[in-house]
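Beneath this line is the structure, given in structure tokens, with notes to follow.
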Amino acid sequence: GLVRLVAGQVYATAAKDNIQNAVDVASNGDAVNIQAGTYNQGVTINKNVSLVGESAANRADITGGILMTGSLSDITLKNLDVSGTVSGLDADFVIKDSGTLNNFTMDHVKVDGESVAGRFGVGNGQISGAISITNSEFDNISGWVVFDNRDGAGSTPGVNDGTLLTSVNFSNNVIDNSQGSIAFRQLGNGGPYADVTISDNVVENVGDAVNSFGGIFKVFNAGTVTFS
């Protein structure tokens, strides 16, 4: 069922198995708190709400993907396991941004491509502002995108080569059995550019000459890049 006990908080329980209903009744700025359990559905986020599982040890398992659509800001995904795609297509994104998103946080989220041919991880739209991805897993992703903040990035600096970023932190994550790359693309407008931190990640069983184009981590235009 759906319960609102505290202002700004909506609660979804596994008994009713419907996170989408909670998102639909939520208001901009709300957090949708999701009880641990398996939710055999996709979730479409079309307003400024966050999805928060019960805890890092007791996550909500969403098997039909997540779609973020429209012009959004300040989205957090936390304590979730996500697989499948909202579209139901094999060659699509597990977590798909089909519009624009300013400020995006992922913490303790597992993105599982299930080794489906052509399936991507997180991306397809334009993510700008602050990006923080921590304590998360990217597993079994066969497509060329594990994470990318700018879909269709072109070669014209300052026009279509990236987005305006304020900070990037990609730390304490695991990338396993995935063939694509993790790319942070800042708009080449001459700067100043945001600093990028990539630290303490575990990378194993990765890389493919076709899909990763020769690199697992890619940074286009940055202030200071800290890689450790």
Side-chain angles (χ1 to χ4, degrees), residues 38-45 51 53 56 59-69 75-99 101 104-127 131-153 162-163 168-185 196 198-220 227:
T38 299
Y39 296 80
N40 295 312
Q41 62 184 268
V43 180
T44 297
I45 301 173
L51 302 184
R59 303 184 190 183
D61 183 6
I62 299 172
T63 66
I66 294 174
L67 170 64
M68 300 178 290
T69 183
I75 301 295
T76 294
L77 305 178
K78 186 173 183 178
N79 302 332
L80 306 173
D81 290 343
V82 189
S83 59
T85 64
V86 168
S87 69
L89 299 174
D90 287 348
D92 206 345
F93 287 80
V94 177
I95 299 177
K96 184 174 185 176
D97 168 34
S98 66
L101 170 57
F104 179 56
T105 298
M106 284 176 52
D107 184 52
H108 288 102
V109 175
K110 180 179 179 179
V111 181
D112 188 355
E114 304 174 283
S115 297
V116 176
R119 182 160 295 174
F120 310 113
V122 182
N124 195 66
Q126 298 185 37
I127 303 175
I131 297 175
S132 177
I133 301 174
T134 54
N135 307 304
S136 294
E137 302 172 51
F138 298 83
D139 297 337
N140 310 312
I141 297 170
S142 298
W144 63 271
V145 174
V146 175
F147 176 91
D148 201 319
N149 70 298
R150 176 63 161 89
D151 177 62
T163 65
V168 174
N169 180 27
F170 189 92
S171 301
N172 300 305
N173 303 295
V174 175
I175 303 95
D176 184 26
N177 193 35
S178 295
Q179 297 179 1
S181 60
I182 296 157
F184 300 104
R185 307 173 191 271
V196 176
I198 301 172
S199 67
D200 299 312
N201 300 291
V202 176
V203 180
E204 52 192 3
N205 306 313
V206 300
D208 178 270
V210 174
N211 288 327
S212 66
F213 299 101
I216 304 303
F217 294 101
K218 301 178 180 181
V219 178
F220 300 83
F227 189 91

Q | Any side-chain heavy-atom pair of Leu51 and Ile66 under 4.5 Å | A | yes
Q. Rounded to the nearest 0.5 Å, how far apart are CG of Asn135 and CG of Asn173?
A. 7.0 Å
Q) Taking it one step at a time, do Ser171 and Thr134 satisfy side chain to side chain donor-acceptor pair (under 3.5 Å)? A) CA-CA 5 Å; Ser171 301; Thr134 54; over 6 Å; no
Q: State, with a plain yes or no, whether a side-chain heavy atom of Ile62 is found less than 4.5 Å away from one of Asp81.
A: no
(Q) Can you confirm whether the side chains of Ser98 and Asn124 place a donor and an acceptor under 3.5 Å from each other? (A) no
Q: Can you sort out the partners of Phe147 under ring pair (Phe, Tyr, Trp, His ring centres under 6.0 Å), two or more places apart, ordered by chain and number?
A: Phe184
**Q.** Glu114 side, atom CD; Ile141 side, atom CD1 - distance, nearest 0.5 Å
**A.** 10.5 Å
Q) Between Tyr39 and Ala60, which heavy-atom pair has the shortest distance, and what is it? A) CE1-CB, 4.0 Å
**Q.** Distance-minimising heavy-atom pair for Ser142 and Ala117
**A.** CB-CA, 4.2 Å
Q. Considering only heavy atoms from C-beta outward, does the side chain of Asp97 approach that of Met68 to under 4.5 Å?
A. yes
**Q.** Which atom of Val203 lies closest to which atom of Phe217, heavy atoms considered
**A.** CG2-CE1, 3.9 Å
Q) Would Asp92 and Arg119 pass as an ion pair if we require N to O under 4.0 Å? A) no
Q) Does some side-chain heavy atom of Ser181 sit less than 4.5 Å from a side-chain heavy atom of Ile216? A) no
Q) Heavy atoms, side chains only, cut-off 4.5 Å: are Thr76 and Asp107 in contact? A) no
Q | Heavy-atom check, side chain of Asn201 versus side chain of Val174, under 4.5 Å | A | no
Q. How long is the gap from CG on Leu67 to OG1 on Thr44, to the nearest 0.5 Å?
A. 4.5 Å
(Q) Evaluate Ile45 against Leu77 for side chain to side chain contact (heavy atoms under 4.5 Å, CB included), listing each step before the verdict. (A) CA-CA 11 Å; Ile45 301 173; Leu77 305 178; 4.2 Å; yes
Q: Any chance you could lay out the side chain to side chain contact (heavy atoms under 4.5 Å, CB included) test for Leu101 and Ile75, step after step, and finish with the verdict?
A: CA-CA 8 Å; Leu101 170 57; Ile75 301 295; 3.4 Å; yes
**Q.** With Asp139 via side-chain contact (heavy atoms from CB on, under 4.5 Å) - residues at least two apart
**A.** Lys110, Asp112, Glu137, Asp176
Q) Which heavy atom in Gln126 sits nearest to a heavy atom in Thr163, and how many Å separate them? A) CB-CG2, 4.0 Å
Q) Can you tell me how far NZ of Lys78 sits from NE2 of His108, rounded to the nearest 0.5 angstrom? A) 8.0 Å
**Q.** Spacing of Ile127 atom CD1 and Asn149 atom CG [to the nearest 0.5 Å]
**A.** 6.5 Å
**Q.** Any side-chain heavy-atom pair of Phe104 and Val122 under 4.5 Å
**A.** yes
Q) So how far is it from Phe138 CZ to Phe120 CZ, rounded to the nearest 0.5 Å? A) 15.0 Å
Q. Under the 3.5 angstrom rule, does the side chain of Ser136 hit a backbone N or O of Val109 as a donor-acceptor pair?
A. yes
(Q) Any side-chain to backbone donor/acceptor pair from Ser87 onto Leu89? Under 3.5 Å, distance only. (A) yes
**Q.** Any Val202 side-chain heavy atom under 4.5 Å of Ile175 side chain
**A.** no
Q. Looking just at side-chain N and O atoms, do Asn140 and Asn177 make a donor-acceptor pair shorter than 3.5 Å?
A. yes
Q: Taking all non-hydrogen atoms of both residues into account, name the closest pair between Phe93 and Val145 and its distance.
A: CE2-CG1, 3.7 Å
